[in-house]
Amino acid sequence: MKDEIKSEFKKAGFDLDEEEEILSKCLPFCINYSLTPSDLVSSWEVYYLNRQLDEPTVQNAEMEGFLLHLQNNVKEDIIKEETGLHLYSIGDVEMILSNDDDTKDDTPSTPTHNRQDVYSPIHDTPSLYGNVLASGKPANLVTPFSKRTDRFAVKFNINTIPDVENGKQELNRDNEEDDEFSIVSKVVNRKRCSLVIHGSGPKPGCRFMYDRTEDRINAIESRIKKHARALIASGLYEEPTDPTIASPRSFFSVGMICCDGEGRLNEKSVMLQSSIEHSGGECVRLDLQRLSHYSVFPGQVVGIGGHNPSGHCLVASKLVDYIPTSVANEDLNPSKKQAMDKENQPTELLCNQRELSMIIAAGPLTTTDNLLFEPLVELLAYAKRRPPQLLVLLGPFIDSEHPDIKKGTVDRDFDEIFRFEVLKKLEDYVESMGSTVRVLLVPSIRDANHDFVFPQPAFDISQLQIASLTNPGIFEANEVKVGCCTLDVLKQISGEEISRIASDGKPIDRLSRLANHILNQQSFYPLYPPAESVPLDFSLAPEALQLSLVPDVLILPSDIKYFVKMHVIRVAGQVK
């Protein structure tokens, strides 16, 4: 059967990276899930498209994720076929197990213990204070996550620089015992990092879904005017003119890329919408044939140099898709900076060398087969062995796409799950590590316990060492500026973008290009109209979507394959 599997992959246009190892893994997939080689390759094609993988190559590193994809498909098929299937909760199981042998044939009695006690504060830490997890499941329950053999294995390196902490290379701890509290005595003394939240996003408890057409028009107009002012201030471009007026002479105009219909953007359907000030907001067809290279998407604000001989089509000879950084407003109003430190920061805490140690993790923090939050527990155990100054966790935390939440089989409300399974674990973490560590949470629109709106307010958390950021948002720690957005904007832009690569130029990395759109547009979400799944509300602090400064680090969780890139920016026409 291995030859048949290999043949089907070749027929579908896929190469095998480590052929023998991949085939030896695919064979049991076919046997265990009753799949023909053709069915297996069809499932791989779906996985390949969903993951937005770059090359048509089956890689051994993707086999674990592919197996999870197959398991989820089988699980969904069973649920669809068994429409009358009763899904037992943990309460049902505990009630059955708690009955005595002499009452097996009688009507089941009420459990002898009060179920509410399981969620009381004395039971909210797994295995440390008893044999019951915070989720109410037995501590000796064996899960696929707990059985894996590659714990803390490094999957990807961006460079070969040794791990250095406080000037000393960290020792190899592969054989160190996993007791999460044994490290407390080994934590080196470090200074607490400064933390400042930038911007003025929506506040917790704000009203939303009140945006009007006028709000959307004003937001678009504001973006176009901002780009025009910046391009003029750079001294490199002339005053923009109305692109809809017929003129055989070359001129410069600024506007937003849009599509002439409801379909996907293509080279024949590109339009340029200018500002109300210059053209009354009218659109004109944009001809990009004369450009050697470009990359455009709906909502992108660009400067166009060209001419319009007929008044109906602007023939572009130059396209400017970035704002010169030297004229961007990088300094926020001090009233819009929220210092998270209650006390005045001593001078020595402000790190002149801008050194900062962070651990960054993006949700979901659960596996698809349960809500035990095992990945979060393991992440905190890792953070205790190698303590950072700042732990940044990005949502979703209570993922609305989790199978158990979608089916409604959880027996607690979402706020309670978040409070006991996430916040309590983080409180225990900062308590055990001392006052030098900090935690920052960033919500997601997939968080079932939070407002379904974008931009999104921060979590309402009142804890000295645990803070929350709006989504999107910018914070500064030890003078290192970091931008975060948990919405998958890279994947959405990727689905709408059209591009041309210069024939005589070297290939441009697509992932870098997608991330550069965010920096060049100085917006966390430059796409317009937004994707159907995005609850974009322009009445809620539209400035929250703006990248008011160029961050040193930009964190953008995505379903697209993970990557870390060094990006170049243009400052006054120069590349840096």
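We number each residue from 1, following the sequence as shown.
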* To do: Verify side chain to side chain contact (heavy atoms under 4.5 Å, CB included) between N60 and K25, making sure each step is shown before the conclusion.
  => CA-CA 9 Å; N60 188 37; K25 290 182 179 180; 3.0 Å; yes
Interatomic distance, [X] atom [atom1] to [Y] atom [atom2] [nearest 0.5 angstrom]:
| X | Y | atom1 | atom2 | answer |
| --- | --- | --- | --- | --- |
| D404 | D411 | CG | CG | 10.5 Å |
| C484 | L469 | SG | CG | 6.0 Å |
| Y382 | I359 | OH | CD1 | 5.5 Å |

Does the side chain of [Y] come within less than 4.5 Å of [X]'s, by heavy atoms?
| X | Y | value |
| --- | --- | --- |
| L393 | V442 | no |
| I518 | I493 | yes |
| I405 | D399 | no |
| N72 | V74 | no |
| E496 | L527 | yes |
| L545 | P472 | yes |
| L441 | I461 | yes |
| V377 | K425 | yes |

Atom of [X], atom of [Y] and distance for their closest heavy-atom approach:
| X | Y | value |
| --- | --- | --- |
| T368 | P403 | O-CG, 3.7 Å |
| L67 | Y33 | CD1-OH, 3.5 Å |
| V437 | M433 | CG2-CB, 3.7 Å |
| S43 | L70 | CB-CD2, 3.8 Å |
| G263 | C259 | O-SG, 3.6 Å |

* Determine the sole option in V430, L426, L195, T436 for which the side chain to side chain contact (heavy atoms under 4.5 Å, CB included) test with Q465 is passed. => V430
* To do: Check each of Q389, E476, E479 against L356 using the side chain to side chain contact (heavy atoms under 4.5 Å, CB included) test, and report the only one that passes.
  =>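 One option only clears the test, and that one is Q389.
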* To do: Report the C-alpha separation of D215 and S539 in whole Å, then their side-chain angles, then the decisive distance to 0.1 Å, and conclude whether the side-chain hydrogen bond (donor to acceptor under 3.5 Å, both in side chains) test is met.
  => CA-CA 6 Å; D215 295 323; S539 67; 4.8 Å; no
* **F397 ring center within less than 6.0 Å of F459 ring center** => yes
* To do: May I ask you to check whether H198 and F475 place their ring centres under 6.0 Å from each other?
  => no
* Asked: When you look at H402 and I398, which way does the side chain to side chain contact (heavy atoms under 4.5 Å, CB included) test go after all the steps?
  -> CA-CA 8 Å; H402 192 282; I398 312 301; over 6 Å; no
* Please work out which of the three classes, parallel, tilted or perpendicular, describes the rings of Y47 and H69, given edges at 30° and 60°. => tilted
* In terms of the angle between their ring planes, are W44 and Y48 parallel, tilted or perpendicular, with boundaries placed at 30° and 60°? -> tilted
* Cation-pi geometry met for R207 and Y210 (6.0 Å, 45°) -> yes
* Does the ring of F414 carry R412 above it, NZ/CZ under 6.0 angstrom from centre and within 45° of its axis? ->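 No, R412 and F414 do not form such a contact.
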* Asked: When you look at CD of Q463, are more than 12 heavy atoms from neighbouring residues, nucleotides or ligands closer to it than 6.0 Å?
  ->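 Result for CD/Q463: enclosed.
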* Asked: Charged N to carboxylate O under 4.0 angstrom, E401 versus K406?
  ->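 Yes, charged N to carboxylate O under 4.0 Å.
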* So, K424 and E431, do they make that salt bridge, N to O below 4.0 Å? -> no
* Where do V553 and K481 land on the side chain to side chain contact (heavy atoms under 4.5 Å, CB included) test, with the steps shown first? -> CA-CA 7 Å; V553 181; K481 294 180 279 291; over 6 Å; no
* To do: List the steps and the verdict of side-chain hydrogen bond (donor to acceptor under 3.5 Å, both in side chains) for Q300 and Y528.
  => CA-CA 8 Å; Q300 182 184 26; Y528 188 86; over 6 Å; no
* **Check: N478 side chain, S194 main-chain N or O, donor-acceptor pair, under 3.5 Å** => yes
* Hey, is the main chain of R446 close enough, under 3.5 Å, to the side chain of S400 for a donor-acceptor pair? -> yes
* Would you sort out whether F538 and I220 count as a side chain to side chain contact (heavy atoms under 4.5 Å, CB included), showing the intermediate values? => CA-CA 10 Å; F538 285 101; I220 294 172; 5.7 Å; no
